[in-house]
Amino acid sequence: MLSDTLAPIIARYDEITTKLASPEITSDVRQLTALSREQSSIQEIAHNAKEYFTILESIKDNKSLLEDKELGELAKEELKILESKKQALEECIKVLLIPKDPNDEKNIYLELRAGTGGDEAGIFVGDLFKAYCRYADLKGWKVEIISSNENDVGGYKEIIALIKGGGAFSKLKYEGGTHRVQRVPQTESQGRIHTSAITVAIMPEVDDVEVVLNPNDLRIEVFRAGGHGGQCVNTTDSAVRITHIPTGISVSMQDEKSQHKNKDKAMKILKARIYEAQIEEQMAQNSQARKDQVGSGDRSERIRTYNYPQNRLTDHRIGVTLYSLEEIMLSGNLDMIIDPLIANAKAEAIGTQEI
């Protein structure tokens, strides 16, 4: 029963409230932070659960008055209102009971890389990155380019950015995968439609305590940065490459003139990639969880097609097609495709809940 599920949540919320008021906890920053986060994560459902139990009690009281000559009719009318409130609250609670992704409120690292299609793929990397920037602006998020590698025609072979803002991961986590574009490239003189592809990776920014790396597991190399001729970064060994030996994951950074800054950026991205790899490994061990997820972030999975001649955007995972590609790309209103993905994920999660 739903009430059996909700009772322990209320008890835990009240327990945390009591603990947070104790001197032992207020003097321990780590415990205080952990308990505050846990309380915040269950606060909404705890409040709704308390309201739910209040309604159940009111329904019980009114049912006991149905045979009363003076109050029976009034109780009958009140029951209709209470039953309606109960049903609406149950639907709300079912959504709140969906296990929350612990990364949902985190900042993200956004990586876009050109795939098949040569220069045109690189141009689309730039186009899609601009759309993500416009979307971030609509959400009030900040975008910081961490690293970029331009091609010769105004696009990018690769671009990595940090997007800072509450809920960034929850909104963009389904963007990971292969994005296919069909259009007449700027470099095409015959007017023929080409198909190109780029890959997108979404990784949550992680705290130092979430991924602890053994210095002995790291190979750190410094080298002279490459780039277009004349850049002063080429005059010193400022570029840094860090390799995590156990996993083979490697990150190179050369955008900063300072070796220290490049090392710091590379280390943060390395931790994010290792964290992502750990999550993928956990999901791989649970085949059903991977099957149920609307997009695992697997970069080999073709998730979306952008067809410019038909002004069409199709997300292949949920079978949604929108004929407003130009508007989405130019305005950054990615919620037109992101919201259906989130709704689908919630619907699937509710369908598999055992209450």
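The figures that follow rest on heavy atoms only: side chains count, while hydrogens, waters and symmetry mates do not.
- I342 and L138 fall into different hydrophobic clusters, where Ile, Leu, Val, Met, Phe, Trp and Tyr residues are linked whenever their side-chain heavy atoms come under 4.5 Å apart, directly or through other members.
- Contact check on K139 versus D335 returns a salt bridge, with a Lys/Arg side-chain nitrogen under 4.0 Å from an Asp/Glu carboxylate oxygen.
- Under a 4.0 Å N-O distance rule, the pair E144/K142 does not qualify as a salt bridge.
- Distance alone, capped at 3.5 Å, is enough to place a donor-acceptor pair between the D255 side chain and the S148 backbone.
- Ring orientation note: the planes of F124 and Y308 are nearly perpendicular, at an angle over 60° on the 30°/60° scale.
- Atom CG of L172 and atom CG of L341 lie 11.0 Å apart (nearest 0.5 Å).
- Without hydrogens or angle criteria, T18 side chain to D14 main chain gives a donor-acceptor distance under 3.5 Å.
- Interatomic distance, CG of L89 versus NZ of K86, reported as 10.0 Å (0.5 Å rounding).
- No option in T178, T305, T321 other than T305 meets the side-chain hydrogen bond (donor to acceptor under 3.5 Å, both in side chains) test with H316.
- Proximity of I202 to F169: side-chain heavy atoms (C-beta onward) are separated by under 4.5 Å at one or more points.
- A salt bridge is defined here as a Lys NZ or Arg NE, NH1 or NH2 lying under 4.0 Å from an Asp or Glu carboxylate O, and R12 with E38 meets this definition.
- Checked by atom type and distance alone, the side chain of D119 never pairs as donor or acceptor with a backbone atom of N151 at under 3.5 Å.
- S196 and E120 make their closest contact through OG-CG, 3.2 Å (heavy atoms, listed as atom of the first residue, atom of the second, distance).
- Two residues are said to be in side-chain contact when any heavy atoms from C-beta on lie closer than 4.5 Å; C92 and N48 meet this criterion.
- Side chain of N311 to backbone of L325: a donor-acceptor contact under 3.5 angstrom is found.
- A 6.0 Å sphere centred on NZ of K268 holds no more than 12 heavy atoms belonging to other residues, nucleotides or ligands.
- For E175 and Y132, the side-chain atoms include at least one donor-acceptor pair closer than 3.5 Å.
- Placement of I274 and I220 within a single hydrophobic cluster is found when ILVMFWY residues are connected by side-chain heavy-atom separations under 4.5 Å, directly or transitively.
- In this structure, the side chain of S258 engages the main chain of K261 through a donor-acceptor pair within 3.5 Å.
- Annotation for E44: atom CD does not count as buried by contact number, only 12 or fewer foreign heavy atoms lying within 6.0 Å.
- Rounding to the nearest 0.5 Å gives a distance of 5.5 Å between CG of L213 and NZ of K271.
- S84 places no side-chain N or O within donor-acceptor distance of the main-chain N or O of I81, the cut-off being under 3.5 Å.
- Of all heavy-atom pairs between A272 and Y109, the closest is CB-CD1, 3.7 Å.
- In summary, E90 and K94 do not engage in a salt bridge, as defined by a charged side-chain N under 4.0 Å from a carboxylate O.
- To the nearest 0.5 angstrom, I242 atom CD1 is 6.5 Å from L270 atom CG.
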* Yes or no on salt bridge (Lys or Arg N to Asp or Glu O under 4.0 Å) for K85 and E51, after CA distance, side-chain angles and deciding distance? -> CA-CA 10 Å; K85 286 183 178 180; E51 183 181 352; over 6 Å; no
* Given Q182 and N307, is the side chain to side chain donor-acceptor pair (under 3.5 Å) satisfied, shown in steps? -> CA-CA 5 Å; Q182 296 172 327; N307 185 297; 2.8 Å; yes
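- Using a 4.5 Å heavy-atom threshold, the side chains of R317 and R304 count as touching.
- Atom NZ of K157 has 12 or fewer heavy atoms from other residues, nucleotides or ligands within 6.0 Å.
- Looking at every heavy atom in both residues, A168 comes nearest to I163 through CB-O, 4.2 Å.
- Note: the hydrophobic cluster containing L74 does not contain L79 (ILVMFWY, side chain heavy atoms under 4.5 Å, direct or indirect links).
- Put simply, CG on L2 and CG on L97 are 6.5 Å apart, with the number rounded to the nearest 0.5 Å.
- For CD of E326, the number of neighbouring non-hydrogen atoms (other residues, nucleotides, ligands) closer than 6.0 Å is 12 at most.
- A continuous path of hydrophobic side-chain contacts links L82 to F53 [ILVMFWY only; heavy atoms under 4.5 Å].
- With F223 as the aromatic partner, R241 meets the cation-pi criteria of under 6.0 angstrom to the ring centre and within 45 degrees of the ring axis.
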* Stepwise side-chain contact (heavy atoms from CB on, under 4.5 Å) test for D339 and K171 -> CA-CA 8 Å; D339 285 348; K171 282 288 189 178; 3.1 Å; yes
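- In this structure, CG in N107 is found 7.0 Å from NZ in K164, a value given to the nearest 0.5 Å.
- Counting heavy atoms from C-beta outward, L162 and V143 have side chains that stay 4.5 Å or more apart.
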* Asked: Is there a side chain to side chain donor-acceptor pair (under 3.5 Å) between Y306 and D127 once you walk through the steps?
  -> CA-CA 11 Å; Y306 304 73; D127 291 344; over 6 Å; no
* To do: Could you go through the side-chain contact (heavy atoms from CB on, under 4.5 Å) check for H244 and L218 one step at a time?
  => CA-CA 5 Å; H244 184 241; L218 302 177; 3.9 Å; yes
* Could you go through the side-chain contact (heavy atoms from CB on, under 4.5 Å) check for M336 and E327 one step at a time? => CA-CA 10 Å; M336 293 176 69; E327 176 191 347; 4.1 Å; yes
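- Between the S36 side chain and the L32 main chain, a donor and an acceptor come within less than 3.5 Å of each other.
- Nearest heavy atoms, Y174 versus A345: OH-CB, 3.3 Å.
- Each of L128, L313, L334 was compared with M329 under the side-chain contact (heavy atoms from CB on, under 4.5 Å) criterion, and only L128 meets it.
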* Asked: So K19 and I16, side-chain contact (heavy atoms from CB on, under 4.5 Å) or not? Walk me through it.
  -> CA-CA 5 Å; K19 285 185 175 181; I16 294 173; 5.5 Å; no
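- A side-chain contact (heavy atoms from CB on, under 4.5 Å) with H179 is found for exactly one of V125, V200, L112, namely V200.
- Contact annotation: the side chain of V206 never approaches that of Q278 to less than 4.5 Å [non-hydrogen atoms, C-beta and beyond].
- Within the 4.5 Å cutoff, the side chain of V181 has no heavy atoms near those of the I198 side chain.
- Ion pairing between K76 and E73 fails under the 4.0 Å rule for side-chain N and carboxylate O.
- For the pair E24/D28, no side-chain contact is recorded, criterion being any heavy-atom separation below 4.5 Å from C-beta on.
- Under the 4.5 Å side-chain heavy-atom criterion for Ile, Leu, Val, Met, Phe, Trp and Tyr, Y323 and I338 are members of distinct hydrophobic clusters.
- R273 places a side-chain heavy atom less than 4.5 Å from the side chain of I269.
- Of the N and O atoms on the side chains of S238 and E256, not one donor lies less than 3.5 Å from an acceptor on the other residue.
- In this structure a side-chain-to-backbone donor-acceptor pair under 3.5 Å is missing from D137 to C133.
- Between A197 and A121, the closest heavy-atom pair is O-CB, 3.7 Å.
- Here the closest heavy-atom approach between residue G165 and residue W141 is recorded as CA-CD1, 3.4 Å.
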